[in-house]
A.B. asks: 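Mind looking over this structure? Questions follow.
Heads up: numbering here begins at 1 and tracks the sequence. Remember, it's a predicted structure, so these values are computed and weren't measured experimentally.
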Amino acid sequence: MASFTLAHLSDPHLPPLPKPRLIELAGKRALGYVNWTRNRYKYQRREVLDALVADMQAQAPDHIAVTGDLVNLALEAEFAPALAWLESVGPPDRVTAIPGNHDAYVSATRHRFGETFLHYIAADTPGAAAFPAVRRRGPLALISLSTAVPTLPLMATGTLGRDQLASLESVLERLAAEDVFRVLLVHHPLKSLARQKRMTDAAALLTLLKRHGVELILHGHDHIHSTMWFEGPNGNIPALGVPSASALAHGRYPAAAYNLLRVEKDNAGWRCEQTVRSLGAGFQVGQIKHVRLI
């Protein structure tokens with residue numbers, strides 16, 4: 001079987017932030033706007049994002065996964081530019097996107113991600129609910145989840161909910177019998193030390209994965225390089241996180257980076273290799289890691 005390459009980037013937090021209307025700066029958005037104007041605008045940079053995406057496209061991946069936080073405060077004026085950016089990354093048949101907590105920052109616009117990026121999130125066979133959504137690409141079955149829910153100020157938690165978990169179990173049961181490399185896409189990591197940033201029902205998801213399994217988990221949210229391993233029915237499952245795709249290095253947060261996952265099957269089973277490419281000096285992007293995961 002020929003190899004298949006999946007690129008993974010996350011948390012572009014598309015800059016610059018449009019000027020909000022005064023009426024939009026109530027509640028949580030007010031704090032987010034202050035944070036942007038005092039801090040985040042310094043290190044969330046469009047030129048960084050453009051350099052990273054150009055390098056990724058030069059690697060000619062077969063498919064691209066974007067694991068959430070395309071926008072910042074979920075202002076109405078953010079969604080059209082974010083769609084234009086995603087279209088520049090690739091067409092819907094070559095790119096899969098899922099929402100992050102910033103894409104559902106407040107209740108008033110929590111629906112806008114699904115409306116705006118419908119063609120990038122839609123399952124191959126549409127069902128009653130948007131998530132989980134399964135897309136088949138080469139030997140991969142991409143399983144998209146949404147943890148994007150509005151939260152209180154100073155909170156950035158995510159939740160799947162009982163309905164999505166129940167549907168996911170059905171999906172995993174079905175896929176377990178098929179010869180596919182299952183990739184779970186979710187914005188929040190399955191384990192977090194920060195209570196205000198955790199996935200609230202991660203334990204339920206981990207129980208499902210222990211019973212049914214997937215081959216790989218990709219996430220964002222933490223804005224750091226991350227490799228964690230979780231128990232599956234036939235061994236441990238790697239879970240990979242990446243830094244924000246538009247970020248300059250700052251504090252404990254590394255510069256923008258993305259993953260390239262090369263998947264192939266041989267007589268011994270599935271093989272998956274991870275290459276990490278990151279922004280360096282002079283806005284040049286280069287390889288910083290290569291490892292076999294499976």
Side-chain angles (χ1 to χ4, degrees), residues 10-13 27-29 31-32 65-74 78-79 96-118 120-123 127-134 142-173 182-214 216-224 226 228 230-231 237 239-242 244:
S10 196
D11 298 76
H13 289 284
K28 184 171 182 174
R29 276 198 184 132
L31 293 175
V66 184
T67 51
D69 281 359
L70 276 69
V71 301
N72 296 284
L73 306 182
E78 288 187 272
F79 287 96
T96 297
I98 64 169
N101 55 296
H102 281 262
D103 301 313
Y105 204 67
V106 294
S107 296
T109 52
R110 67 177 301 178
H111 62 289
R112 293 289 284 120
F113 188 94
E115 294 174 349
T116 303
F117 306 106
L118 174 63
Y120 287 90
I121 64 178
F131 298 101
V134 178
L142 299 167
I143 309 163
S144 297
L145 300 179
S146 174
T147 55
V149 293
T151 59
L152 295 172
L154 303 180
M155 297 296 289
T157 54
T159 301
L160 292 167
R162 287 185 298 176
D163 291 346
Q164 191 174 179
L165 285 165
S167 296
L168 175 62
E169 182 162 29
S170 298
V171 167
L172 294 178
E173 286 175 346
R182 298 159 296 176
V183 182
L184 192 72
L185 305 178
V186 61
H187 180 68
H188 287 75
L190 277 64
K191 182 179 180 181
S192 177
L193 298 177
R195 178 175 174 78
Q196 72 275 15
K197 297 186 69 174
R198 76 193 192 285
M199 186 195 307
T200 61
D201 46 6
L205 176 56
L206 288 171
T207 297
L208 288 183
L209 294 177
K210 182 177 180 180
R211 184 182 308 132
H212 301 290
V214 294
L216 179 64
I217 302 164
L218 301 178
H219 69 85
H221 192 53
D222 284 343
H223 295 198
I224 59 173
S226 175
M228 294 184 282
F230 297 102
E231 187 177 357
I237 304 166
L240 307 179
V242 286
S244 164

A.B. asks: Which is it for Leu145 and Ile98 under the side-chain contact (heavy atoms from CB on, under 4.5 Å) test, yes or no, and what are the steps along the way?
C.D. replies: CA-CA 7 Å; Leu145 300 179; Ile98 64 169; over 6 Å; no

A.B. asks: Tell me whether Arg182 contacts the main-chain N or O of Gly213 through its side chain, where contact means a donor paired with an acceptor under 3.5 Å.
C.D. replies: yes

A.B. asks: Do Thr109 side-chain atoms and Ala74 backbone N/O form a donor-acceptor pair below 3.5 Å?
C.D. replies: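 Present.
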
A.B. asks: Is the terminal nitrogen or CZ of Lys28 (NZ for Lys, CZ for Arg) located under 6.0 angstrom from the six-membered ring centre of Tyr105 and within 45° of that ring's axis?
C.D. replies: yes

A.B. asks: Less than 4.5 Å apart, side chain to side chain, heavy atoms only: is that true for Gln196 and Leu154?
C.D. replies: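 Not touching, per the 4.5 Å side-chain cut-off.
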
A.B. asks: Could you tell me how the ring of His188 sits relative to the ring of His221: parallel (under 30°), tilted (30 to 60°) or perpendicular (over 60°)?
C.D. replies: tilted

A.B. asks: Using every non-hydrogen atom in the two residues, find where Ala97 and Ile121 come nearest and quote the distance to one decimal.
C.D. replies: O-CG2, 2.8 Å

A.B. asks: State, with a plain yes or no, whether a side-chain heavy atom of Pro12 is found less than 4.5 Å away from one of Leu70.
C.D. replies: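 Side chain of Pro12 against side chain of Leu70, heavy atoms only: contact under 4.5 Å found.
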
A.B. asks: Pair Ile217, Leu209 - check side-chain contact (heavy atoms from CB on, under 4.5 Å), show working.
C.D. replies: CA-CA 10 Å; Ile217 302 164; Leu209 294 177; 3.8 Å; yes

A.B. asks: Identify the two heavy atoms, one from Ser144 and one from Phe131, that lie closest to each other, and give their separation to 0.1 Å.
C.D. replies: O-CD2, 3.5 Å

A.B. asks: Mind listing the closest non-hydrogen atom pair of Asn101 and Ala156 along with its distance?
C.D. replies: ND2-CB, 3.6 Å

A.B. asks: Do His13 and Asn72 pair up side chain to side chain, a donor and an acceptor below 3.5 Å, judged on atom types alone?
C.D. replies: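 Yes, side-chain donor-acceptor contact under 3.5 Å.
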
A.B. asks: To the nearest 0.5 Å, how far apart are CG in Leu184 and CZ in Phe230?
C.D. replies: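 Leu184 atom CG to Phe230 atom CZ measures 11.0 Å (nearest 0.5 Å).
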
A.B. asks: Which residues pass the ring-ring contact (aromatic ring centres under 6.0 Å, His included) test with Phe113, sequence neighbours left out?
C.D. replies: Phe117

A.B. asks: For side-chain contact (heavy atoms from CB on, under 4.5 Å), just list the numbers for Val106 and Arg29, CA-CA rounded to whole Å, side-chain angles, deciding distance to a tenth of an Å, and then say yes or no.
C.D. replies: CA-CA 8 Å; Val106 294; Arg29 276 198 184 132; 3.4 Å; yes

A.B. asks: Under the side chain to side chain contact (heavy atoms under 4.5 Å, CB included) test against Thr147, which residue among Gln164, Met199, Arg198, His219 passes?
C.D. replies: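 Answer after filtering Gln164, Met199, Arg198, His219: Met199.
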
A.B. asks: Of all residues at least two apart in sequence or in a different chain, which pass the side chain to side chain contact (heavy atoms under 4.5 Å, CB included) check with Glu169?
C.D. replies: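 For Glu169, the residues satisfying side chain to side chain contact (heavy atoms under 4.5 Å, CB included) (neighbours in sequence not counted) are Glu173, Leu208, Arg211, His212.
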
A.B. asks: Do any pairs count as a salt bridge (Lys or Arg N to Asp or Glu O under 4.0 Å) and have a residue in residues 144-155, sequence neighbours left out, and if so which ones?
C.D. replies: none

A.B. asks: Roughly how far apart are His187 NE2 and Asp222 CG, rounded to 0.5 Å?
C.D. replies: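 Atom-to-atom, His187:NE2 and Asp222:CG are 8.5 Å apart.
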
A.B. asks: Looking at every non-hydrogen atom in both residues, tell me the closest pair between His102 and Val71 and how far apart they are.
C.D. replies: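 The pair with the smallest heavy-atom distance is CB-O, 3.4 Å.
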
A.B. asks: If I compare all heavy atoms of Thr67 with all of Gly220, which pair ends up nearest, and what's the gap?
C.D. replies: OG1-N, 3.7 Å

A.B. asks: Among Thr159, Thr151, Leu160, Val149, exactly one meets side chain to side chain contact (heavy atoms under 4.5 Å, CB included) together with Thr200. Which residue is that?
C.D. replies: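 Filter result, single survivor: Thr159.
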
A.B. asks: Using the rule given for side-chain contact (heavy atoms from CB on, under 4.5 Å), can you reason through Asp69 versus Asp103, listing the C-alpha separation, both sets of side-chain angles and the distance that settles it, and then say yes or no?
C.D. replies: CA-CA 5 Å; Asp69 281 359; Asp103 301 313; 4.2 Å; yes

A.B. asks: As an exercise, state the distance from CG of Leu216 to CG of Leu240, rounded to the nearest 0.5 Å.
C.D. replies: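 Rounded to the nearest 0.5 Å, the CG-CG separation comes out at 5.5 Å.
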
A.B. asks: To the nearest 0.5 angstrom, please state how far the CG atom of Leu172 sits from the OG atom of Ser167.
C.D. replies: 11.0 Å

